Amino acid sequence: MAVERPVRLVLDASLLLDPVEGGGTGEVAPALRPGAEALLRRLRYSNLGVAICGPKEMPMNVSDFLEKTANVHSFGYTLLPAPSGHVLLDESMLEWSRSSSCFYATSRVDEDLFSALQSHKWRVIAVDNERGTEDSGVVNISKLEELLLTLATLIKKEIASSSVLMVGYAMKQSREQDFAKRGSFPLYPSKNGLIFVPLSFELPLASQLNEVDMILHKMTDEIVSIDPNCSISFPKGISFSAGMSEIIRFMEEYPDFCIIDPFKNISPLLDRLQIQEILVRLQELGTEGRPKLRAPHSLKVKNFHGSELQKQLAETNLSFPLIVKPQVACGVADAHNMALVFQVEEFSNLSVPLPAILQEYIDHGSKIFKFYVIGDKVFHAVKNSMPNASLLKSSSGDEPLTFNSLKTLPVATKEQLLQNRVQDNRSLDIDVVEKAAKCLKESLGLTIFGFDVVVQEGTGDHVIVDLNYLPSFKEVPDSEAMPAFWDAIRQSYESKKGKGQT
Ligand SMILES: O=P(O)(O)O[C@@H]1[C@@H](O)[C@H](OP(=O)(O)O)[C@@H](OP(=O)(O)O)[C@@H](O)[C@H]1OP(=O)(O)O
Ligand SMILES: Nc1ncnc2c1ncn2[C@@H]1O[C@H](COP(=O)(O)OP(=O)(O)O)[C@@H](O)[C@H]1O
Ligand SMILES: [Mg+2]
Ligand SMILES: [Mg+2]
């Protein structure tokens with residue numbers, strides 16, 4: 001392993017190979033056992049020095065398979081000397097124990113190897129050993145899925161600092177992977193003393209929460225369905241996966257357990273109508289001589305019946321073009337299916353889910369400012385966005401322009417962007433938005449959230465069109481985002497512990 005790491009972990013082949021697929025005998029093509037791939041994926045970005053090892057006398061195809069697996073995950077690969085000899089440990093393993101805390105995880109019982117390792121200060125973790133081991137120094141666990149939590153607990157004990165905190169996180173795999181790749185979830189503590197472990201819905205929750213100090217979660221990743229006839233107010237109308245439901249029940253029973261962030265605080269961001277109400281309250285912040293910060297004029301509708309709509313639009317002073325968004329803001333597959341509508345006839349057969357929010361379309365010269373509040377830090381990035389309505393209308397004919405905002409957002413072409421640059425006189429007043437960000441943080445009671453700002457052509461109004469819980473903030477450079485992320489979590493924990501959680 002090239003990089004010096006303070007904690008080393010060696011995974012024995014027996015732990016990774018699927019016993020059903022020959023278990024490394026070489027008779028059939030070797031394969032990873034269930035759960036091993038997820039373990040390797042998570043260890044890759046754990047900030048531990050990881051290596052895979054196997055006995056020297058392994059069949060060639062098994063050894064090749066393990067070496068390839070190690071390479072794919074950027075791990076080291078090492079071979080253990082034959083058990084018959086006097087030397088049981090490879091030179092590199094001896095070297096590691098001189099400079100690092102070392103852990104050896106295996107599924108096979110080899111008392112001689114275990115005592116050789118232990119005599120060089122290695123900790124042995126035996127997983128799912130059929131006969132177990134009597135050796136008192138060996139940590140026995142029954143499932144591969146328990147390994148990360150066990151490691152985290154041992155590392156925390158070894159560091160023996162009361163300031164190290166363990167964060168159990170729950171979110172969908174793709175999001176976890178995006179965060180992990182940036183080094184967000186280290187098993188060896190972050191600079192400010194946080195250890196991250198995934199909460200597994202396959203294992204009893206209570207025993208996991210016994211070890212962790214707090215839960216970090218994206219609850220909307222675990223929504224199964226939302227009742228469109230129910231006004232969204234957690235937990236009413238929302239059904240969650242079995243795993244998330246268990247966390248919710250746990251929190252009801254132990255309301256003082258630290259959770260980032262409480263379900264009730266996130267709940268309004270599931271509903272574009274409630275988002276609108278929050279944003280309207282922000283308008284009171286306005287300062288003389290500064291651009292106006294506001295919410296877009298909006299209207300909630302339960303159907304797209306033309307005559308009814310026309311009346312409602314007239315009453316609310318809304319005019320075309322309108323952007324139509326589902327009232328449910330996230331957590332369900334179609335929450336990002338939207339449309340730009342230029343005239344009332346285009347509402348017939350519109351494919352946006354109901355109830356929906358109709359919003360004035362703000363011409364903003366295809367530039368959107370993505371703001372991220374991460375604890376007490378505010379970051380922003382500029383992104384290409386939708387062009388002005390006149391440009392979109394000419395391409396849509398008499399049809400509404402339908403799109404999925406995450407996948408098929410109709411952003412400006414290169415020519416349109418170039419044209420905007422020539423006319424660009426819209427500037428962002430960062431102070432105005434940062435002031436709004438601080439107020440939002442206070443009123444929402446959230447640790448990490450994001451919002452989208454467009455600057456209206458002509459008026460220069462700063463219009464907040466979207467508010468999201470725990471966004472990816474991938475536009476913020478890792479060197480700034482990660483320390484802010486870790487500090488935010490730690491501060492949130494400390495302030496909740498200080499106050500007693502509400
Ligand atoms: O994975 P999803 O559900 O599509 O989540 C999106 C997504 O994370 C998106 O991030 P990006 O990868 O497009 O940057 C978030 O946007 P921002 O980071 O721009 O806020 C969305 O907010 C996520 O959607 P949601 O949380 O509403 O499901
Ligand atoms: N009122 C609006 N006026 C102009 N453009 C808008 C408006 N609302 C949204 N947009 C554009 O549509 C995109 C998606 O809308 P948004 O409300 O942010 O949905 P999502 O929750 O899917 O991100 C925005 O990033 C912006 O480019
Ligand atoms: Mg958005
Ligand atoms: Mg959103």
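For ligands, and for the atoms within them, numbers begin at 1 and follow the listed sequence. We number each residue from 1, following the sequence as shown. The structure presented is a predicted model; accordingly, all values stated were derived computationally and were not measured.
At least one heavy atom of I323 sits closer than 4.0 Å to an atom of ligand 2. At least one heavy atom of M338 sits closer than 4.0 Å to an atom of ligand 2. Heavy-atom separations between L406 and ligand 2 are all 4.0 Å or longer.
Between the side chain of R490 and the backbone N or O of L194, no donor-acceptor pair lies under 3.5 Å. Side chain of S46 to main chain of L43: a donor-acceptor pair is present (N/O by atom type, distance under 3.5 Å, no hydrogens or angles).
In plain terms, the two heavy atoms of K438 and D376 that are nearest each other are CE-O, 4.4 Å. What you find for I275 and A329 is that their closest heavy atoms are CD1-CB, 4.2 Å. What you find for C230 and K236 is that their closest heavy atoms are SG-CG, 4.2 Å. In terms of heavy-atom proximity, V328 sits nearest to R272 at O-NH1, 3.4 Å. Heavy atoms only, all atoms of each residue included: P204 and S207 are closest at O-OG, 3.0 Å.
Only the backbone of E360 comes within 4.0 Å of ligand 2, judged by heavy-atom distances. The part of L409 lying near ligand 2 is the side chain, judged by heavy-atom distances below 4.0 Å. At a heavy-atom distance under 4.0 Å, atoms from both the backbone and the side chain of V465 approach ligand 2.
Looking at ligand 2, you'll find an N or O of I362 within less than 3.5 Å of one of its N or O atoms. Backbone and side-chain nitrogen or oxygen atoms of Q359 are examined, and one is located within less than 3.5 angstrom of a nitrogen or oxygen of ligand 2.
In this structure, F250 has its ring center closer than 6.0 angstrom to the ring center of F257.
Taking every heavy atom of H336 and a limit of under 4.0 angstrom, the matching atoms of ligand 2 come to 20 (P), 21 (O), 22 (O). Annotation for ligand 2: atoms under 4.0 Å from non-hydrogen atoms of S385 are 26 (C), 27 (O). Near D452, with a cut-off below 4.0 Å to any heavy atom, the atoms of ligand 2 are 18 (O), 25 (O). Annotation for ligand 2: atoms under 4.0 Å from non-hydrogen atoms of Y361 are 3 (N), 4 (C), 5 (N). Atoms of ligand 2 found under 4.0 Å from any heavy atom of I368, numbered from 1 in the order shown, are 24 (C), 25 (O), 26 (C), 27 (O).
Looking at D452 and the Mg ion (ligand 3) together, the shortest N, O or S contact belongs to OD2. Of all N, O or S atoms in D466, the one lying closest to the Mg ion (ligand 3) is OD2.
In this structure, V454 and M386 have side chains that are not in contact, with every pair of non-hydrogen atoms separated by 4.5 Å or more. Side-chain contact between S298 and L358 is absent, with no heavy atoms from C-beta onward closer than 4.5 Å. Contact annotation: the side chain of M171 approaches that of D221 to within less than 4.5 Å [non-hydrogen atoms, C-beta and beyond].
Selection from H364, H297, M386 by nearest heavy atom to atom 5 (N) of ligand 2 gives H364.
Using a cut-off of 2.8 Å, one finds that N468 contributes an N/O/S atom close to the Mg ion (ligand 4).
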